[in-house]
There are 2 protein chains.
Amino acid sequence: MTTASPTKTPRREPRARTGARSSAEARIVRSIGEAIADRRLPPGTKLTEESLAEAFGVSRERVRKVLLLLAQRRVVTLIPNRGAFVAKPTPREAREVFEARRIVERAIMERLERLPRPLPADLLDRLRDHGALEDAAERDADRKAMIRLSGQFHLLLAEVAGNATLAGILTDLIDRSSLAIAAFERRSSHTCSADDHRRLIAALIGNRPGEATALMIDHLDEVERQLDLEAKTDARIDLKAIFADEPEPA
Amino acid sequence: MTTASPTKTPRREPRARTGARSSAEARIVRSIGEAIADRRLPPGTKLTEESLAEAFGVSRERVRKVLLLLAQRRVVTLIPNRGAFVAKPTPREAREVFEARRIVERAIMERLERLPRPLPADLLDRLRDHGALEDAAERDADRKAMIRLSGQFHLLLAEVAGNATLAGILTDLIDRSSLAIAAFERRSSHTCSADDHRRLIAALIGNRPGEATALMIDHLDEVERQLDLEAKTDARIDLKAIFADEPEPA
DNA sequence: ACCGCTCAGATTGTGCACAATTCTGGAGGC
DNA sequence: GCCTCCAGAATTGTGCACAATCTGAGCGGT
């Protein structure tokens, strides 16, 4: 059933999909994911099925399936009978996501550092090509591109580390950190600095044991530190805090 | 919108769902997941929408959604126009899943070992209660219960470690290792031994630094080592191997 | 003014029918 | 004998219509 004997008709073997139909659904998922990451869709935004269907020129059922996938990845929140919203992580969840990233990405870096030297040429090429893209985006002050490339950088490392399962896990975590950043970034902050990435690439090429791993941890710590993850568990408490030092104008 | 001011009507706040409607879908997902884990549904099994709908007494669309969720978790494979099958991991994927588990569960154990001592009473209770359940299942030689409890043990540790995000990641990894075990277990093998779990609990309670973590790594290595993860990338090669030493009966 | 009630409009949820594709078994030609 | 081709059956994919539920505004009572 799942096997084709060598003498049988060499029929096209349709490749397995993990859940998203390649062309249509996957494109929409990616598109919405990027919009959330670069904050065209801030946390809490209502995602009406009808509007999305119209925007992408597909049927409502198609949108429905996409929202289900995004909900599974915790990028949107589905509330029964009320619809889909861009997820609004709690500070706790944000911290958890960053801790998970530190765990996963430390393992990835350790794997990369264990690779036999010198590193294969195509790997070096990919790292350098990506570096160039990030430099260009930074030079042009193209914020959207920088956000997208920053995520892709971490994903690239996971990919070349050779464990697709870990890379898949990291994909979700990166999407969720974009969300956390969108939700908690301080006004005055800058994005995931391309400089950190440059140093990371250099450390990986020059093979000083543990250095690249340490840089990655610092990098992730730094990104998390730039967020404002104070209590604010609820808007109820917020109101009290805001009006606490009001000078009672009556 | 997401906040209710204190003076407003204390209306029921519908809790967010991550994608599975609580009662119906979640139950079916769990049910199918367990059936796959204890090998009532071996890898490669065709999951016909109609049959599942009938079996669970729900509509076909409901089943469709469930299959989409399971596909997202890589527990089933969706092939366009051909249907859903219990996933059949490759040896490579199996290795990747176990490596991911070692990474995640090492981090969880390190977290648990950092907990202030003595451990809170309710945590100890939960560990001991679970241990009793595993003992009982082993005594009764209840294979299904042992498999289920073994997964729950690892999940329990993740949960008490206090990072729900990591626990969620581990949930998927555990399901996928069950699948890998189902696909590659040697004929003569025993399951994830309850003995390992007992020792782990003991090591956690008695606080010898690093011991519990080391036991966990050994435990996972041992489970993986019991699998037969030799090449066999395809059934094509299989056939040649099988008939290689046939004495040509013509 | 404030609170609760009710009703229209909008949005999500679900079953059903039909279209599209694949699978099966058998007839026919080489 | 073996391969190819071709209906018919079975299975999956998709749009549509309607049911269920929620939102928000208006209205009357206190």
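Chain letters run A, B, ... following the sequence lines, proteins first and then strands; every chain starts at 1.
The nearest whole Å value for the distance from the CG atom in A/Leu78 to the P atom in D/dC22 is 15 Å. Taking atom CG of A/Asn81 as the reference point, atom C1' of D/dC22 lies 7 Å away to the nearest angstrom. Rounding to whole angstrom units, NZ of residue B/Lys65 and C1' of D/dT14 are separated by 16 Å. Distance B/Glu25 CD to C/dT14 P: 7 Å, rounded to the nearest Å. Rounded to whole Å, atom P of D/dT11 lies 11 Å from atom CD of B/Glu54. When rounded to the nearest whole Å, the span between CD of B/Glu50 and P of D/dT12 equals 8 Å. Going from atom CG of A/Leu52 over to atom P of C/dT11 covers 12 Å, rounded to whole Å. Summarising the geometry, the separation between CD on A/Glu61 and C1' on D/dG13 is reported as 11 Å, rounded to the nearest angstrom.
A salt bridge between B/Arg39 and B/Glu185 is present, with a side-chain N of the basic residue lying under 4.0 Å from a carboxylate O of the acidic one.
Between B/Arg82 and C/dC23 there is a side-chain N or O to OP1 or OP2 distance below 4.0 Å. Note on A/Ser59: a side-chain N or O is less than 4.0 Å away from OP1 or OP2 of D/dG15. Phosphate contact (OP1/OP2 of C/dG13, side-chain N/O of A/Arg64, threshold under 4.0 Å): present.
Residue B/Glu49 is in sugar-phosphate contact alone, with no base atom involved, counting any heavy-atom pair closer than 4.0 Å across all strands shown.
Pairs of residues two or more places apart, or lying in two chains, that qualify as salt bridge (charged side-chain N to carboxylate O under 4.0 Å, His left out) and include a residue from residues 146-171 of chain B are B/Arg126-B/Glu159.
When the nearest nucleotides of DNA chain D are assigned to B/Arg60 and A/Arg60 by heavy-atom distance, the more 5′-ward of the two goes with B/Arg60.
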Check against side chain to side chain contact (heavy atoms under 4.5 Å, CB included), B/Val97 and B/Leu179: CA-CA 10 Å; B/Val97 167; B/Leu179 206 50; over 6 Å; no
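Remark: the A/His154 side chain and the A/Glu105 side chain contain an N/O donor-acceptor pair separated by less than 3.5 Å.
Side-chain proximity of B/Thr48 to D/dT12, C/dT12, C/dG15: nearest is D/dT12.
In this structure A/Thr165 satisfies the side-chain hydrogen bond (donor to acceptor under 3.5 Å, both in side chains) test together with B/Glu96, sequence neighbours excluded.
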